**Q** 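Take this structure first; my questions come after.
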Amino acid sequence: MHIRTIDWKNNKVRLIDQTKLPQRLAYININKAGDLCRAIKMMQVRGAPVLGAAAAFGVYLGVKDYHGNSWRGFERKLKLAGKYIAASRPTARNLFWGIERVCHAAKINKDRPVFMIKRAILDEAKMIIEEDKASCRLLGFYGAGLLKNKAKVLTICNAGCLATIDYGTALGVIYAAKDQGKKIKVFSSETRPLLQGSRLSVWELCKKGVEVVMIADNTASKLMCDGEIDLVITGADRIALNGDCANKIGTLNLAILAKYHNIPFYIAAPKSTFDLSIKSGREIKIEMRRVGEVTSILSQINTAPAGSKALNPAFDVTPHQLIRGIITDRGIIKPPFLKNIRDTLLRKECV
Ligand code: MRU
């Protein structure tokens, strides 16, 4: 089954509403920046790479109705639209990268009529979609070499086609290995509180015919003790220059457990997730979400007494010392990360 998380259709952004999964595959069509911002906050669209595309389209929606014809006036509107979308969620680097991409596309076309600048922004957003499709496949190809036939892989959250355009990062590695004829077994950690692991990863792995076993988040250690896990692979939301990686809360637990059990722990992420402006993970802003997400099951059943105190950081940072390698669309980056991230990402592509 081909799943496309985000698209530009009939002058609207078409998204899979991920809050409706796994009950039903529903789409929403959006033509206002405000609605797109809300969809990001409510996590109807979520996952770092697809947030890059969504943010880029969000900026376009924010400027598309500008009627003036001066660059100055348009630029003001563009900056406001960028700021507005940027305020939706703070952690995923890709979201800001998507905004920067379209703002740059506008700037290099600033001497053209406004309607052409708008078109350049829309074209750039569409290009992000195409690039993501290609980079996930490339990343999957590099990562698949790490997986032997019958490998048992643990992952958390959703870093699959629903978090990208149509393939995935951590799960892209699994799909690529499957396409090479390998049989892979995936353990998907449920991912409290919003259950991306069980609702989304299990859903898409099943659709793609990959064997998947869902576990509660606190089961990982037992599986590792029992020799059931060969490798841990997760996605990332922001990667610092030294290789520290922010990803879904609970990723750090897995990395520490993997270290204890001597199980390789890999991150899979495209170039757009790296933030070369920050030296370490300490500089990554971690999103704090509503405590009601923790004190209930999907805001439907309360699992704690009314008024309970709770904490809900959406991400944690895995220090680079716990990471065996970062699988990217430019190959697998190994330690020492400080040198190798810079060398790999700043290297010009040889065509
Ligand atoms: O809060 P979410 O669901 O947006 O968090 C997503 C993750 O943590 C993913 O693992 C990450 O974005 C990588 S997606 C390829």
Side-chain angles (χ1 to χ4, degrees), residues 3 5-6 15-19 21 39-55 88-98 132-133 135-140 143 154-175 186 188-201 203-205 217 232-239 245-255 265-275 281 284-290 293-294 298 312-318 323 326-329:
I3 297 154
T5 311
I6 188 170
L15 295 172
I16 293 181
D17 181 349
Q18 300 192 35
T19 61
L21 286 168
I40 294 176
K41 286 183 183 163
M42 289 168 56
M43 293 171 64
Q44 288 174 300
V45 60
R46 38 66 49 207
V50 73
L51 287 178
S88 57
R89 292 189 76 190
T91 306
R93 166 64 193 144
N94 310 59
L95 186 143
F96 300 86
W97 168 87
D132 180 85
K133 284 158 59 180
S135 72
C136 284
R137 280 162 179 82
L138 208 50
L139 180 164
L154 173 62
T155 190
I156 186 169
C157 197
N158 172 264
C161 52
L162 291 165
T164 60
I165 307 303
D166 70 345
Y167 200 68
T169 57
L171 297 191
V173 171
I174 312 273
Y175 297 140
V186 179
S188 177
S189 199
E190 171 181 48
T191 319
R192 278 280 293 154
L194 295 182
L195 311 179
Q196 292 93 327
S198 55
R199 291 190 305 108
L200 308 177
S201 292
W203 180 82
E204 66 164 85
L205 285 159
D217 295 323
V232 182
I233 310 180
T234 78
D237 279 79
R238 192 180 288 253
I239 304 175
C245 292
N247 192 50
K248 181 50 56 193
I249 190 81
T251 303
L252 175 58
N253 298 24
L254 297 184
F265 178 94
Y266 284 91
I267 292 282
K271 194 171 172 254
S272 48
T273 303
F274 287 80
D275 184 350
I284 298 176
K285 180 156 189 221
I286 299 294
E287 177 183 12
M288 294 301 290
R289 293 186 64 86
R290 247 180 0 99
E293 290 178 352
V294 172
L298 300 179
N312 190 13
F315 301 95
D316 56 27
V317 175
T318 298
I323 300 168
I326 305 176
I327 307 162
T328 76
D329 40 352

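Keep in mind that what you see is a predicted model, and the values were worked out from it rather than measured. Atoms within each ligand, like the ligands themselves, are counted from 1 in listed order.
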**Q** List the residues meeting side chain to side chain contact (heavy atoms under 4.5 Å, CB included) with R289, not counting sequence neighbours, and say none if there are none.
**A** M43, R89, L194, E287, E293, N312, A314
**Q** Run the side-chain hydrogen bond (donor to acceptor under 3.5 Å, both in side chains) test against R137 and tell me which residues pass, sequence neighbours left out.
**A** D166
**Q** Under the side-chain hydrogen bond (donor to acceptor under 3.5 Å, both in side chains) test, which residues partner N158, sequence neighbours left out?
**A** R46, S201, E204
**Q** Among D217, T251, T155, which residue satisfies the side-chain hydrogen bond (donor to acceptor under 3.5 Å, both in side chains) criterion with S189?
**A** D217
**Q** Honestly, is K133 close enough over Y167, meaning NZ or CZ under 6.0 Å from the six-membered ring centre and within 45° of the axis?
**A** no
**Q** Which protein N or O atoms sit under 3.5 Å from any N or O of ligand 1? Give each pair with its distance.
**A**
{"from": "ligand 1", "atom 1": "1 (O)", "to": "R89", "atom 2": "NH2", "distance (Å)": "2.8"}
{"from": "ligand 1", "atom 1": "1 (O)", "to": "K248", "atom 2": "NZ", "distance (Å)": "2.7"}
{"from": "ligand 1", "atom 1": "3 (O)", "to": "R46", "atom 2": "NE", "distance (Å)": "2.8"}
{"from": "ligand 1", "atom 1": "3 (O)", "to": "R46", "atom 2": "NH2", "distance (Å)": "3.3"}
{"from": "ligand 1", "atom 1": "3 (O)", "to": "Q196", "atom 2": "NE2", "distance (Å)": "2.9"}
{"from": "ligand 1", "atom 1": "4 (O)", "to": "G47", "atom 2": "N", "distance (Å)": "3.1"}
{"from": "ligand 1", "atom 1": "4 (O)", "to": "R89", "atom 2": "NH1", "distance (Å)": "2.9"}
{"from": "ligand 1", "atom 1": "8 (O)", "to": "D237", "atom 2": "OD1", "distance (Å)": "2.9"}
{"from": "ligand 1", "atom 1": "8 (O)", "to": "N247", "atom 2": "OD1", "distance (Å)": "3.1"}
{"from": "ligand 1", "atom 1": "8 (O)", "to": "K248", "atom 2": "N", "distance (Å)": "3.2"}
{"from": "ligand 1", "atom 1": "10 (O)", "to": "N247", "atom 2": "OD1", "distance (Å)": "2.7"}
{"from": "ligand 1", "atom 1": "12 (O)", "to": "A48", "atom 2": "N", "distance (Å)": "2.8"}
{"from": "ligand 1", "atom 1": "12 (O)", "to": "D237", "atom 2": "OD1", "distance (Å)": "3.0"}
{"from": "ligand 1", "atom 1": "12 (O)", "to": "D237", "atom 2": "OD2", "distance (Å)": "3.2"}

**Q** Inspect the contact between D275 and R238 and indicate whether a charged nitrogen and a carboxylate oxygen are less than 4.0 angstrom apart.
**A** yes
